[in-house]
Amino acid sequence: MNQQKFYITTPIYYVNGAPHLGHAYTSVAADVLARFKRLDGFDVFFLTGTDEHGQKVEAAARAAGIDPQSFTDKVSADFQDMARRMNISNDDFIRTTEARHKASAQAIWLKLQENGAIYLGAYEGWYAVRDEAFYDEEELTTGPDGTKRAPSGAPVEWVIEPSYFFKLSAFQDRLLAYYEANPDFIAPQAKRNEILSFVRGGLKDLSISRTSFSWGIPVPGDEKHVMYVWLDALVNYITAAGYPDLNGPRGGYWPASLHLVGKEIIRFHAVYWPAFLMGAGLALPEKVFSHGWWTVEGEKMSKSTGNFIDVRPLVEEFGLDTVRFFLLREVPFGNDGDFSRKALISRTNAELANGIGNLAQRTLSFIAKNAGGVVPPKGTLHEADHVLLELAAELPEKVRGAMSRLAFHEALDETWKLIRAADGYIDHQAPWALRKSDIARMNTVLFVLAAVLRTVALLLQPFMPGSMAKLLDQLGVAADARQFTALDTALAEGTPLPAPAGLFPRFVEAEAK
RNA sequence: GGCGGCGUAGCUCAGUGGUAGAGCAGGGGAAUCAUAAUCCCUUGGUCGGAGGUUCAAAUCCUUCCGCCGCUACCA
């Protein structure tokens, strides 16, 4: 069987700081999509990793008093720990300091050179030796003695340094034609508009080598230069597919189906990266999706306030699936949102504890006590049963549609409509009354509820893998019957069920003293 | 300045020409299987302001006000 391939990536995270909520968000979103596609029968390759070169990393290592490689080893390990603790199902974790990546980046450089997309020129600008940085004319101030100074106060001088350039300007028309021919390449729409406007405004050639520091991949044939970090970094996506040998076991995954990125790096992925690929004669990714940023308790996360939050303590306190759910439920993907303790508690109590948790508990404990602890026999279906089952039968396509647009919150919203409908159904059918009057009818009602719960649990697996595995266990669904194809088969009557146990405890905030 | 987005119930948002919607929060009632969870009913908006097109506008046009994003070579 030739499965359809789905290759999804997170950005590789820059190791000059520790992992925080923003990184976790991208990874969880990518993970949910990867899991969804696997359950839906795709051959998925899911990549994440760390971006480890560049001046900032070199400086951060120096500040920490260790060599850059030891420094990046440490920070990269922390990102890998976060991925593990968030239950991220990546198939590979790439580091740009790995030999396979150096080989790939140098190979693509040579290809670009061979294709005439690279030339040696000079980068000119106002440079502050003290800051080791270039500044724009507008950023400069004039000191009391009439000399130009950087915003930091450091003196600047006009520096001309040799640099290799990528002929980005030559790709403007081809990029615009590509955006035109592939209207969904950049999403959401507002970001596409920004990129279109940027590219239409004219592209300048891009300086793609540096001589002012050495922590990077050497330029082949001119080792005084290291490669510009973004060229180095972006290439990771194709390195993982085996480049320069795309005939290997993973070559079939290229081009990537989806690059998930934060909105601050959309340009690199939607302009530079496709241009590099065009220059190297390689296929372009199908889609780049830019998601929004989180504020925390209404405050922007920033270096100056130091209010970056690590999700790991939150996972300890609230549970992993609760945090995963909240991240994708609270805010439409693509929008900015606010992460507040109050919202996390009220959202998860209302929808997890009181919603699916309570529905599962009331159904399963009723079955355990009154239906012999097996999936009850289905009798004749009434109108109300058909209505609810029909709603459940329509859910997979609704969720699939939402997921294809990366509308996670919409997929969850549709699922919760069914959960609320099931709560209404159980109240109206009142199996606790049927227990005394009509056992066959009671069993039918319980069967319908169990069937609906199975549909919900199967579809929610990507979002909350641990909790939904528990729920499926409690519904007696075999481990090999949890792919989405199982949605087409009926729940087996008479299957013995284990004792039910709570899924999502209600969170009660400890009284402040 | 240029380009783009947004402004709809207390909150978060859906709704792109045909009698204003959802969830949460608020109010009233019911039920008791369940994690005191659930169900039913309900309060609440001159859809940022003004003008225009149309038989009909939250939805199209003009203008004004407010908020936000992009406007490249640190990543």
Side-chain angles (χ1 to χ4, degrees), chain A residues 11-17 51-57 59-60 123 125 131-136 163 165-166 168 188-210 213 228-233 262-268 271-272 290 292-293 329-332 335-338 342-343 346-347 349-370 409-410 412-413 416-417 419-435 442 445-446 449 500-508:
Chain A
I12 48 174
Y13 302 120
Y14 201 55
V15 295
N16 70 333
D51 179 11
E52 309 188 4
H53 290 127
Q55 192 167 13
K56 285 192 175 184
V57 170
Y123 184 73
D131 299 347
E132 295 184 8
F134 281 91
Y135 292 98
D136 284 341
S163 170
F165 282 80
F166 173 71
L168 185 61
Q189 193 69 27
K191 293 296 156 194
R192 174 182 149 88
N193 290 344
E194 286 180 8
I195 294 296
L196 282 177
S197 155
F198 175 78
V199 175
R200 282 186 186 131
L203 293 174
K204 288 189 258 179
D205 290 347
L206 190 66
S207 166
I208 51 163
S209 74
R210 299 288 186 271
F213 61 93
Y228 172 49
V229 188
W230 268 109
L231 173 56
D232 166 352
K263 65 182 182 179
E264 74 282 7
I265 56 173
I266 182 71
R267 184 203 302 148
F268 299 97
V271 182
Y272 299 173
S290 151
W293 284 353
R329 177 68 185 96
E330 182 68 2
V331 177
N335 291 13
D336 291 345
D338 183 51
K342 193 177 157 209
S346 82
R347 173 72 74 182
N349 274 348
E351 298 187 358
L352 294 181
N354 301 351
I356 187 175
N358 185 241
L359 176 67
Q361 184 73 0
R362 67 197 302 206
T363 301
L364 291 167
S365 71
F366 202 93
I367 288 174
K369 288 175 193 163
N370 302 293
H409 75 292
E410 197 182 311
L412 292 169
D413 196 50
W416 255 260
K417 281 183 191 165
I419 290 169
R420 282 192 292 270
D423 260 330
Y425 170 86
I426 192 170
D427 269 57
H428 290 121
Q429 300 307 315
W432 44 92
L434 294 169
R435 181 182 54 184
M442 177 196 80
V445 168
L446 294 174
L449 286 164
L503 289 172
F504 301 104
R506 189 179 167 75
F507 186 88
V508 181

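Here is the naming used below: chain letters follow the sequence lines, and residue numbers restart at 1 for every chain.
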I want to verify a distance call: between [options], whose nearest atom is closest to the [X] side chain?
X	options	result
A:D427	B:U38, B:A75, B:A72	B:U38
A:E351	B:G23, B:A72, B:A37	B:G23
A:R267	B:U71, B:C73, B:U35	B:U71
A:F504	B:U35, B:C33, B:C70	B:U35
A:Q361	B:C40, B:A34, B:G23	B:A34
A:Y14	B:A72, B:A37, B:A75	B:A75
A:K204	B:G5, B:G23, B:C73	B:C73
A:R506	B:C73, B:A37, B:G5	B:A37

Under 3.5 Å, side chain of A:W416 to main-chain N/O of A:E351, donor-acceptor pair present?
yes
Reckon [X] touches a base, only the sugar-phosphate, or nothing at all at heavy-atom distances under 4.0 Å?
X	answer
A:N370	nothing
A:H428	sugar-phosphate
A:L503	base
A:L203	base
A:G202	base
A:W416	nothing
A:F366	sugar-phosphate
A:K417	nothing
A:A353	base
A:R192	nothing
A:Y228	sugar-phosphate
A:G357	base
A:S365	sugar-phosphate

Flag the pair A:F198 / A:L203 as yes when at least one side-chain heavy-atom distance between them is below 4.5 Å, and no otherwise.
yes
Can you find a heavy atom in the side chain of A:R329 that is under 4.5 Å from one in the side chain of A:D413?
yes
Determine the interatomic distance between [atom1] on [N] and the same-named atom on [M]; round to the nearest Å.
N	M	atom1	value
B:U53	B:A20	C1'	22 Å
B:A72	B:G15	P	33 Å
B:C11	B:U46	P	13 Å
B:C47	B:G17	C1'	15 Å
B:A9	B:A25	C1'	11 Å
B:G52	B:G45	P	26 Å
B:G21	B:G4	C1'	28 Å
B:A22	B:A31	C1'	25 Å

How far apart are the closest heavy atoms of [X] and [Y], and which atoms are they?
X	Y	value
A:N349	A:P505	OD1-O, 4.5 Å
A:I419	A:G355	CG2-C, 4.0 Å
A:R506	A:A353	CA-CB, 3.8 Å
A:M442	A:N370	CE-O, 3.4 Å
A:P500	A:A368	CD-CB, 4.0 Å

Roughly, in whole Å, what's the span from [atom1] in [X] to [atom2] in [N]?
X	N	atom1	atom2	value
A:N349	B:G23	CG	C1'	16 Å
A:R347	B:A25	CZ	C1'	13 Å
A:Q429	B:C33	CD	P	17 Å
A:R362	B:U38	CZ	C1'	5 Å
A:I356	B:G23	CD1	C1'	17 Å
A:N193	B:G2	CG	C1'	15 Å
A:D336	B:C67	CG	C1'	13 Å
A:D423	B:G23	CG	P	13 Å

Can you tell me which stems RNA chain B forms when a stem means 3 or more consecutive Watson-Crick or G-U pairs under 3.5 Å?
B:1-7 with B:65-71, B:10-13 with B:21-24, B:26-30 with B:38-42, B:48-52 with B:60-64
Along RNA chain B (nearest heavy atom to each residue), the more 5'-positioned of A:E330 and A:T363:
A:E330
Could you say whether A:I419 or A:Y123 is positioned toward the 5' end of RNA chain B, judged by the nucleotide with the nearest heavy atom to each?
A:I419
Roughly how far apart are A:L168 CG and A:K204 NZ, rounded to 0.5 Å?
11.0 Å
Face-to-face stacking of A:W432 with B:C33, centres under 5.5 angstrom, angle under 30°
yes
Please list all pairs meeting side-chain hydrogen bond (donor to acceptor under 3.5 Å, both in side chains) that have one or both residues in residues 424-434 of chain A, counting only residues at least two apart or in different chains.
A:R362-A:D427, A:D385-A:Y425, A:Q429-A:R441
For B:A34, take OP1 and OP2 only and decide whether either is under 4.0 Å from a side-chain N or O of A:K369.
yes
Decide side chain to side chain contact (heavy atoms under 4.5 Å, CB included) for A:V57 and A:Y14; before the verdict, give the C-alpha distance in whole Å, the side-chain angles of both, and the deciding distance to 0.1 Å.
CA-CA 8 Å; A:V57 170; A:Y14 201 55; 3.5 Å; yes
